[in-house]
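Written out below as structure tokens is the structure these notes cover.
Counting convention: from 1, in listed order, for ligands and their atoms alike. Keep in mind it's a predicted model, so treat the numbers as computed, not measured.
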Amino acid sequence: MSILEVKSKSGGYRVVAEGNVLATLGEQLSRLQISRRTSVTVITDETVGALPFAKDAARSLEAAGYRYQILEVPAGDHSKSLATASTLYPKLLAFGMRRSDLIVALGGGVIGDLAGFVAATYLRGISFIQAPTTLLAHDSSIGGKVGVNLPEGKNLVGAFYPPRAVLYDLSALATLPARQWTNGMAEVIKHGIIGDARLFERLEEKPLTVCPDAATLEPILTAAMKVKIDVVESDEREANRRQVLNVGHTLGHAIEQRSHYGLGHGEAISIGLVLEAKLAVARGLLDEETAVRIERVLASHGLPTQTPRDDWREVAALIDVDKKHGRALWTFALPTAIGDVVIVDDVSPDEVKAVYDRSLEEA
Ligand SMILES: O=C(O)C(=O)C[C@@H](O)[C@H](O)[C@H](O)COP(=O)(O)O
Ligand SMILES: [Zn+2]
């Protein structure tokens with residue numbers, strides 16, 4: 001078990017990463033001094049809701065004496081929308097949820113972002129707990145970014161709204177379908193590139209292509225979460241340094257959206273990381289050999305690295321709405337070494353197009 005603290009302007013919160021933590025959800029809430037008079041709405045998806053650990057969580061809330069309801073939304077990225085959020089608000093009202101009550105986001109990144117967004121906006125904000133069940137969510141559950149997608153782009157409506165706690169059930173990771181595991185590894189690798197060369201090297205030496213035993217998993221996951229925590233603590237609202245967490249995402253988000261979410265988030269970020277490493281090489285920020293290492297470690301985890309054939313103008317139109325950009329040129333988080341990423345805010349669309357076109361020729 002590992003317990004990490006995240007300092008936040010809202011007072012901070014704990015990340016408790018432990019096997020079977022959901023089976024003690026009721027006790028965990030009491031430990032967080034959440035009164036038994038609090039009504040709890042668990043928001044999950046239809047896939048996670050049917051799994052044994054979701055049932056265990058419900059039993060534990062019941063046994064601890066909390067009044068609760070479980071709301072399920074369809075599984076998948078399409079649920080991360082204003083349309084889905086607006087189906088949830090009336091159900092919170094109907095259950096009598098007040099400002100002093102609690103939402104539990106039980107699931108992967110989509111559920112964490114959606115349920116967190118609903119918590120941030122319902123009655124102008126009620127507490128919520130992140131209960132991540134995927135590897136990808138080691139990233140999205142920490143740092144307080146919540147939100148939904150618009151047809152025009154990813155995460156365009158949202159808030160910085162830190163959770164009251166993150167209760168991470170590591171046993172859930174062993175049940176993940178192979179593709180979901182692989183998707184999550186893209187963000188673990190990203191955290192190595194941003195701030196932990198040792199973590200990156202460990203993954204180069206021995207790729208984690210399936211969920212390992214707890215003794216192997218915990219230090220790797222903890223290392224990745226520590227990189228994330230260190231960055232968000234230094235710049236909670238993404239005034240500048242937090243943008244490094246977006247490495248791979250400027251191109252990755254556009255590619256993910258152009259695939260109509262046929263590519264998973266981590267798969268799109270993998271392609272984005274390869275392209276952005278090439279952009280860093282083209283700008284003289286990164287040596288070629290390190291870019292090759294990044295591509296190799298992603299591929300060795302079964303992640304895609306080839307740029308999908310697409311109309312550049314469509315991709316560029318999506319890159320254009322990225323929140324990091326100023327008015328004229330594009331902003332990218334680019335690697336300069338394994339363990340170091342910098343922000344550059346003077347990238348011209350033509351420069352990116354050249355890298356994009358070259359990678360299509362190489363394919
Ligand atoms: O927490 C952050 O900050 C991140 O950038 C983490 C990303 O992995 C995550 O996908 C995030 O949702 C992207 O945020 P956005 O601000 O680019 O929408
Ligand atoms: Zn991401």
Heteroatom distance test (K154, ligand 1): nitrogen or oxygen, under 3.5 angstrom: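 Not met; the criterion fails.
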Distance-only N or O hit between ligand 1 and D322, under 3.5 Å: no
E187 N/O/S atom closer than 2.8 Å to the Zn ion (ligand 2):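 E187 does place an N, O or S atom closer than 2.8 Å to the Zn ion (ligand 2).
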Against heavy atoms of [X], which atoms of ligand 1 measure under 4.0 Å?
| X | value |
| --- | --- |
| H265 | 10 (O) |
| K228 | 1 (O), 2 (C), 6 (C) |
| K190 | 6 (C), 7 (C), 8 (O) |
| L245 | 1 (O), 2 (C), 3 (O), 4 (C), 5 (O) |
| E187 | 8 (O) |
| N155 | 12 (O), 13 (C), 14 (O), 15 (P), 18 (O) |

Passing candidate, salt bridge (charged side-chain N to carboxylate O under 4.0 Å, His left out) with R293, options E204, E288, E205: E204
Within the 6.0 Å centroid threshold, strictly below: Y168 and H138: no
Tell me, which protein residue and heavy-atom name are nearest [atom], and how many Å apart are they?
| atom | result |
| --- | --- |
| atom 8 (O) of ligand 1 | D139 OD2, 2.5 Å |
| atom 16 (O) of ligand 1 | K145 NZ, 2.7 Å |
| atom 7 (C) of ligand 1 | H249 NE2, 3.3 Å |
| atom 5 (O) of ligand 1 | N246 ND2, 2.8 Å |

Anything under 30° is parallel, anything over 60° is perpendicular, the rest tilted; go ahead and classify [X] against [Y].
| X | Y | value |
| --- | --- | --- |
| H253 | H249 | perpendicular |
| F332 | H325 | tilted |
| W312 | Y356 | tilted |

Common cluster, I343/L245, ILVMFWY with side-chain heavy-atom separation under 4.5 Å: yes
Given K145, K323, K324, the one that forms side chain to side chain donor-acceptor pair (under 3.5 Å) with E238: K145
Heavy-atom nearest neighbour of atom 3 (O) of ligand 1 within options R242, H253, H191, E256: R242
Ligand 1-proximal atoms of K323, by part, heavy-atom distance under 4.0 Å: side chain
Closest approach of R36 to Y66 (non-hydrogen atoms, all atoms of both residues): CA-CE2, 3.7 Å
Minimum side-chain heavy-atom gap R283-V355 below 4.5 Å: no
Result of checking T24, V16, V21 against D169 for side chain to side chain contact (heavy atoms under 4.5 Å, CB included):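 Going through T24, V16, V21 one by one, the side chain to side chain contact (heavy atoms under 4.5 Å, CB included) with D169 is satisfied by V21 alone.
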